[in-house]
A.B. asks: 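Below you'll find the structure I mean.
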Amino acid sequence: MKLSRPFYEQSTIDVAKQLLGKFLIHRHADATLVGRIVETEAYLGPHDLACHAAKGRTKRTDVMFGAAGHAYVYFIYGFYNMLNLVTEAKDYPAAVLIRAVEPVRGIEQMKQNRKNELLHHLASGPGKLCQAFAIDRSLNGADVCGKVLYLEDQGGSMPKFDATPRIGVDYAAQWKDKPLRFVVRDSKFVSQR
DNA sequence: CAAGAGATCATCT
DNA sequence: GATGATCTCTTGA
């Protein structure tokens with residue numbers, strides 16, 4: 001069952017937790033790429049110093065201020081794209097970063113995209129995931145309740161997970177230690193280093 | 001195995 | 001002109 005807009009309109013932390021175990025699907029060219037989400041991070045809004053929107057509304061963060069259920073894709077370090085899902089109400093800038101998935105379908109295509117044969121190196125990090133799933137800034141602002149890029153609940157209970165501080169946000173003062181990163185317990189497909 | 005550097009660019013000051 | 005929600009490779013022990 002495809003996740004619809006109201007799912008993304010919930011509180012960002014709830015969305016981040018509930019996304020664990022859901023399936024990310026990208027219908028791209030000939031291939032359908034599918035992965036099971038095993039790691040997410042919540043970026044809570046304008047007061048969260050680790051959230052890009054803490055610096056205000058700019059061209060880059062504009063999508064986060066829009067309606068829930070859209071993709072916020074941005075480019076960083078000159079190399080990598082990051083995939084986020086916009087949450088909460090319109091004009092409230094919050095999002096969930098998808099950090100890692102377990103490859104399920106389209107694995108051959110992912111290996112080609114990544115130029116890497118090892119299953120647990122295909123999408124075990126936000127930059128790798130976008131490479132494997134052929135996600136770039138052309139998808140920024142895309143509706144994830146549509147037909148190209150979307151998420152599915154395929155049943156089953158929510159996996160057991162741990163909450164830890166977010167990665168790479170040491171600059172965020174008192175926000176850097178908040179347990180807003182959620183990882184599926186015992187998954188081999190979470191981000192590595 | 002851990003640590004460090006380099007790659008490379010959109011965005012903001 | 002600086003910097004970052006990263007990854008890979010190289011180095012050294």
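What you see below is based on every heavy atom in this structure, not just the backbone, and it leaves out hydrogens, waters and symmetry mates. Labels below follow one simple rule: chain letters A, B, ... track the order of the sequence lines, proteins then strands, and each chain is numbered from 1.
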A.B. asks: Nearest whole angstrom, please: distance from the C1' of dC7(C) to the CD1 of I167(A).
C.D. replies: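 Rounded to whole Å, this separation is 14 Å.
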A.B. asks: Out of K178(A), R166(A), R99(A), which one pairs with E41(A) under the salt bridge (Lys or Arg N to Asp or Glu O under 4.0 Å) rule?
C.D. replies: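 The salt bridge (Lys or Arg N to Asp or Glu O under 4.0 Å) with E41(A) is passed solely by R99(A) among K178(A), R166(A), R99(A).
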A.B. asks: For G127(A), report the nucleic acid contact type (base, sugar-phosphate, nothing); a contact means any heavy atom under 4.0 Å.
C.D. replies: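 The answer is sugar-phosphate, as G127(A) gets under 4.0 Å only of primed atoms, P, OP1 or OP2.
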A.B. asks: How close or far is atom P of dC7(C) from atom CZ of R99(A), stated in whole angstroms?
C.D. replies: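 Between P of dC7(C) and CZ of R99(A): 7 Å.
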A.B. asks: Going 5' to 3' on DNA chain B, which nucleotide is the first and which the last to come under 4.0 Å of a heavy atom in chain A?
C.D. replies: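 The protein-touched segment is dA7(B) to dC12(B).
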A.B. asks: Looking only at atom types and distance, does a side-chain atom of Q112(A) sit under 3.5 Å from a main-chain N or O of Q109(A), one as donor and one as acceptor?
C.D. replies: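 Checked: no pair found.
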A.B. asks: Within the structure shown, what part of the strands sits under 4.0 Å from R114(A) by heavy-atom distance: base, sugar-phosphate, or nothing?
C.D. replies: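 Answer is sugar-phosphate: R114(A) comes under 4.0 Å of backbone atoms only.
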A.B. asks: For dT13(B), what is the paired nucleotide under Watson-Crick or G-U wobble rules, both distances under 3.5 Å?
C.D. replies: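 Partner of dT13(B): none found under 3.5 Å.
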A.B. asks: Taking CG from D136(A) and C1' from dT6(C), how many angstroms apart are they, rounded to a whole number?
C.D. replies: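 D136(A) atom CG is separated from dT6(C) atom C1' by 17 Å.
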A.B. asks: Quick check, does Y77(A) stack with dG4(C)? I mean ring centres under 5.5 Å and planes off by under 30°.
C.D. replies: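 The base of dG4(C) is not stacked with Y77(A) (the test needs centres under 5.5 Å and planes under 30°).
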A.B. asks: Roughly how many Å is it from OH in Y74(A) to P in dT6(C), rounded to a whole number?
C.D. replies: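 Distance, rounded to whole Å: 7 Å.
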A.B. asks: Looking only at side chains, do S187(A) and E102(A) share a donor and an acceptor under 3.5 Å apart?
C.D. replies: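 Side chains of S187(A) and E102(A): no pair found under 3.5 Å.
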A.B. asks: Taking NZ, NE, NH1 and NH2 as the nitrogens, is one of them in D170(A) or K176(A) under 4.0 Å from a carboxylate oxygen of the other?
C.D. replies: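 Salt bridge between D170(A) and K176(A), a charged N being under 4.0 Å from a carboxylate O: no.
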A.B. asks: Rounded to whole Å, please give me the gap between CG in L122(A) and P in dT6(C).
C.D. replies: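 Computing the L122(A):CG to dT6(C):P distance gives 19 Å.
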A.B. asks: Students often get this wrong, so: under 4.0 angstrom with heavy atoms, is R166(A) touching a base, only sugar-phosphate, or nothing?
C.D. replies: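 If one applies the 4.0 Å heavy-atom cut-off, R166(A) turns out to touch nothing in the nucleic acid.
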A.B. asks: Is dT8(B) paired to anything, Watson-Crick or G-U wobble with both distances less than 3.5 Å, and if yes, which nucleotide?
C.D. replies: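 Per the H-bond distance test, none.
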A.B. asks: On a whole-Å scale, what distance lies between the P atoms belonging to dA5(B) and dT3(C)?
C.D. replies: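 Here dA5(B) and dT3(C) have their P atoms 15 Å from each other.
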A.B. asks: Could you give the CG-to-P distance, from D170(A) to dA5(C), as a whole number of Å?
C.D. replies: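 One finds 11 Å between P of dA5(C) and CG of D170(A), rounded.
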A.B. asks: From CG of L49(A) over to P of dA5(C), roughly how many Å is that when rounded to an integer?
C.D. replies: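 Computing the L49(A):CG to dA5(C):P distance gives 12 Å.
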A.B. asks: When you measure from the centre of the six-membered ring of F23(A), is the NZ or CZ of R105(A) closer than 6.0 Å and no more than 45° off the axis?
C.D. replies: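 No, cation not above the ring by the 6.0 Å, 45° rule.
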A.B. asks: Tell me if a side-chain donor or acceptor on S191(A) pairs with a main-chain N or O of A100(A) at a distance below 3.5 Å.
C.D. replies: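 Between the backbone of A100(A) and the side chain of S191(A) there is no qualifying donor-acceptor contact (under 3.5 Å).
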A.B. asks: Nearest whole angstrom, please: distance from the P of dA5(C) to the NZ of K128(A).
C.D. replies: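 Roughly 18 Å, once rounded to whole Å.
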A.B. asks: Which pair of heavy atoms, one from Y8(A) and one from A68(A), lies closest together, and at what distance?
C.D. replies: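 In terms of heavy atoms, the two residues are closest at O-CB, 3.5 Å.
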A.B. asks: Under 4.0 Å between any heavy atoms, over every strand shown, what does Y80(A) touch: base, sugar-phosphate, or nothing? Just pick one.
C.D. replies: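 The answer is base, as Y80(A) lies within the cut-off (heavy atoms under 4.0 Å) of a base atom.
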